[in-house]
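Whatever order the structure lists them in is the order used to number ligands and atoms, beginning at 1. In this chain, numbering begins with 1 at the start of the sequence shown. All values below were derived from every heavy atom in this structure, side-chain atoms included, with hydrogens, water molecules and symmetry-related copies excluded.
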Amino acid sequence: MKVSNEILQLLHEQIAMEANASSYYLSVASWCKVTGYEGAACFFRAHSAEEREHMLKIIQYLNELKIHVKIPSIEEPPQNMESLEQVCKIALDNEQNVTKSINKIIDTAQKENDHRTNVFLEWFVNEQIEEEDLFETIMQKFDVIGRDNLALHEIDKILDKLKNKKDA
Ligand code: OFO
């Protein structure tokens, strides 16, 4: 096999993490939509699709090494959404955990001189810088603009603009 069992295990865990993130963001999008946050609903739906792309990237990497991937089952995402700020904070926490997880795989790949996996994961390192920055910026909006209904309406509009991240 072209990667070690440990790397294979870690990449499978990463696939599950991306799939669960995709599912969480979809669930948040659904909550936003019925709560009146149209912009946030679009933002989280787009973000859910991005996470699925991340999962597919890893699957494709392993498949190109002729390794069959065991597709994991998805956990039921948390359903107790309380506020727009809370769901954005959970998203930031998730992204920080993804960064830790990517770093752990890179540490392992470097230890094993697995240059191929190390180089493959570079894209994820850069992506996580963007992702953490995105959610940190969103969290700052609650402090800067506020938390009353008008402020939340403004933040909802900002999230709509951020849905393609290029505007971030
Ligand atoms: Fe939002 O993180 Fe994937 O990789």
Side-chain angles (χ1 to χ4, degrees), residues 3 6-33 37 39-65 67 69-79 81 83-110 114-142 155-156 158-168:
V3 294
E6 192 176 354
I7 290 286
L8 188 58
Q9 169 71 23
L10 290 170
L11 287 175
H12 270 88
E13 285 168 17
Q14 193 62 40
I15 288 168
M17 209 168 192
E18 305 292 347
N20 287 325
S22 176
S23 165
Y24 173 67
Y25 292 138
L26 195 56
S27 172
V28 171
S30 163
W31 176 82
C32 288
K33 177 76 184 169
Y37 299 126
C42 290
F43 170 85
F44 279 107
R45 211 174 306 119
H47 218 79
S48 168
E50 268 193 35
E51 298 301 345
R52 185 177 152 76
E53 285 303 316
H54 300 170
M55 175 189 74
L56 293 174
K57 246 182 206 301
I58 305 171
I59 293 172
Q60 190 187 357
Y61 172 65
L62 289 170
N63 284 168
E64 279 170 0
L65 299 179
I67 296 170
V69 173
K70 264 176 73 184
I71 304 298
S73 37
I74 304 172
E75 288 165 16
E76 186 178 307
Q79 303 296 331
M81 285 100 181
S83 66
L84 192 55
E85 185 174 5
Q86 180 227 22
V87 296
C88 291
K89 175 71 175 76
I90 293 175
L92 173 60
D93 293 345
N94 282 350
E95 293 304 332
Q96 288 168 339
N97 286 333
V98 169
T99 301
K100 278 188 201 142
S101 175
I102 294 289
N103 288 344
K104 184 176 167 191
I105 311 173
I106 289 176
D107 287 347
T108 309
Q110 287 178 348
D114 179 351
H115 304 300
R116 184 163 31 202
T117 301
N118 193 23
V119 168
F120 165 67
L121 288 172
E122 260 175 32
W123 182 89
F124 284 85
V125 172
N126 291 321
E127 176 70 9
Q128 283 315 113
I129 292 170
E130 276 184 33
E131 300 266 89
E132 285 196 37
D133 176 58
L134 176 67
F135 282 104
E136 279 163 2
T137 303
I138 293 167
M139 288 309 295
Q140 281 174 333
K141 303 291 177 207
F142 293 95
I155 294 171
D156 186 47
I158 291 171
L159 281 166
D160 191 36
K161 284 202 199 119
L162 288 174
K163 66 177 176 281
N164 295 322
K165 245 180 25 174
K166 280 126 205 142
D167 308 328

Quick one: does E50 get a heavy atom under 4.0 Å from ligand 1?
no

Strictly under 2.8 Å, is atom 3 (Fe) of ligand 1 approached by any N, O or S atom of E51?
yes

Determine whether any heavy atom of E127 lies closer than 4.0 Å to an atom of ligand 1.
no

Going by the atom numbers of ligand 1, which of them fall below 4.0 Å from some non-hydrogen atom of V98?
2 (O), 4 (O)

Atom 1 (Fe) of ligand 1 -> E131, closest N, O or S atom is OE2

State the atom name: nearest N, O or S atom of H54 to atom 3 (Fe) of ligand 1.
ND1

Just to be sure I'm reading this right: ignoring hydrogens, which of E18, H47, E130, R52 gets closest to atom 3 (Fe) of ligand 1? Compare them by their nearest heavy atoms.
E18

Over 12 foreign heavy atoms within 6.0 Å of CD, Q86:
yes

Please could you name the atoms of ligand 1 that E95 approaches to less than 4.0 Å, counting only its heavy atoms?
1 (Fe), 2 (O)

Please confirm whether Y25 comes within less than 3.5 Å of ligand 1 when only nitrogen or oxygen atoms on both sides are compared.
no

Using the side-chain contact (heavy atoms from CB on, under 4.5 Å) rule, take Q60 and L56 through it: C-alpha gap first, then chi angles, then the decisive distance, then the call.
CA-CA 6 Å; Q60 190 187 357; L56 293 174; over 6 Å; no

Report yes or no: does T99 contribute a side-chain atom to a donor-acceptor pair with the main-chain N or O of E95 at less than 3.5 Å?
yes

Check: G39 main-chain N/O paired with D156 side-chain donor or acceptor under 3.5 Å:
yes

Using distance alone, with no hydrogens and no angle criterion, decide if E18 and Q14 have a side-chain donor and acceptor under 3.5 Å apart.
yes

Using the side-chain contact (heavy atoms from CB on, under 4.5 Å) definition, which of the options M17, R52, H54, E50 pairs with S22?
R52

Please evaluate residues F135 and H47 with respect to the criterion ring-ring contact (aromatic ring centres under 6.0 Å, His included), reporting the C-alpha separation (whole Å), side-chain torsions for both, the decisive distance (0.1 Å), and the verdict.
CA-CA 11 Å; F135 282 104; H47 218 79; 5.2 Å; yes

